[in-house]
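Reading through the structure tokens given below for one structure.
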Amino acid sequence: MYVLLPTLRGRRVYRMVASQGKFQAIVDDSGVRVTSRDTETRYQWPMLTRYAETDELFVLMTPDKHGIGFVVLPKRGAATPADLDRLQAVLDRNSTRA
């Protein structure tokens, strides 16, 4: 059962998130604001102290060692490569690469 639990949770979250349509994230030195059709969530940097980068994503994580809380920022959401450079600069100033 423990093997299937993450997959089942992931499917549930995906269904909930997919119904919200497009998401927009604004990242600046005050924190991260994520909005969708029905929601708006704000995170200040003390809540997102670490981040990891992949070829396609930035993943911002809470300070707990298990990474329970996170924000995923797909790189495809950036309009230009320069936007990705600016985002990485904000992350480097306010968070630590994991």
| task | Inspect the surroundings of CZ in Arg76 and state if more than 12 heavy atoms from other residues, nucleotides or ligands are less than 6.0 Å away. | result | no
| message | Could you check whether any side-chain N or O of Arg50 sits under 3.5 Å from a backbone N or O of Val59, counting only pairs where one atom can act as donor and the other as acceptor? | response | no
| query | Asp83 versus Leu87: any side-chain heavy-atom pair under 4.5 Å? | reply | no
| field | Partners passing side chain to side chain contact (heavy atoms under 4.5 Å, CB included) against Leu84 (at least two apart in sequence or in another chain) | value | Phe58, Lys75, Ala78
| Which pairs with one or both residues in residues 18-36 pass salt bridge (Lys or Arg N to Asp or Glu O under 4.0 Å), sequence neighbours excluded? | Asp29-Arg93, Arg33-Glu40
| task | Assess whether side chain to side chain contact (heavy atoms under 4.5 Å, CB included) is satisfied between Ile26 and Val32, documenting all intermediate values. | result | CA-CA 6 Å; Ile26 298 173; Val32 179; over 6 Å; no
| With Ala82 via side chain to side chain contact (heavy atoms under 4.5 Å, CB included) - residues at least two apart | Thr80, Arg86
| request: Kindly write out the residues that satisfy side chain to side chain contact (heavy atoms under 4.5 Å, CB included) with Ser36, not counting sequence neighbours, or none if the list is empty. | output: Gln20, Phe23, Thr39
| Hey, does Thr49 have a side-chain heavy atom less than 4.5 Å from the side chain of Thr62? | no
| said: Nearest 0.5 Å, please: how far is CG in Asp64 from CZ in Phe70? | reply: 11.0 Å
| Got a sec, which residues hit salt bridge (charged side-chain N to carboxylate O under 4.0 Å, His left out) with Arg97, two or more places apart in sequence or on another chain? | Glu53
| request: Give the C-alpha distance, both sets of side-chain angles, the deciding distance and a yes or no for side chain to side chain contact (heavy atoms under 4.5 Å, CB included) between Val27 and Leu73. | output: CA-CA 10 Å; Val27 182; Leu73 301 173; 3.9 Å; yes
| said: Checking Ala52 now: which residues fulfil side chain to side chain contact (heavy atoms under 4.5 Å, CB included) with it, not counting sequence neighbours? | reply: Met61
| said: Treating Arg42 as the side-chain partner and Val34 as the backbone partner, does any N or O pair qualify as donor plus acceptor under 3.5 Å? | reply: no
| task | Please name the pair of heavy atoms, one in Ser95 and one in Tyr51, separated by the smallest distance, quoted to 0.1 Å. | result | OG-N, 3.7 Å
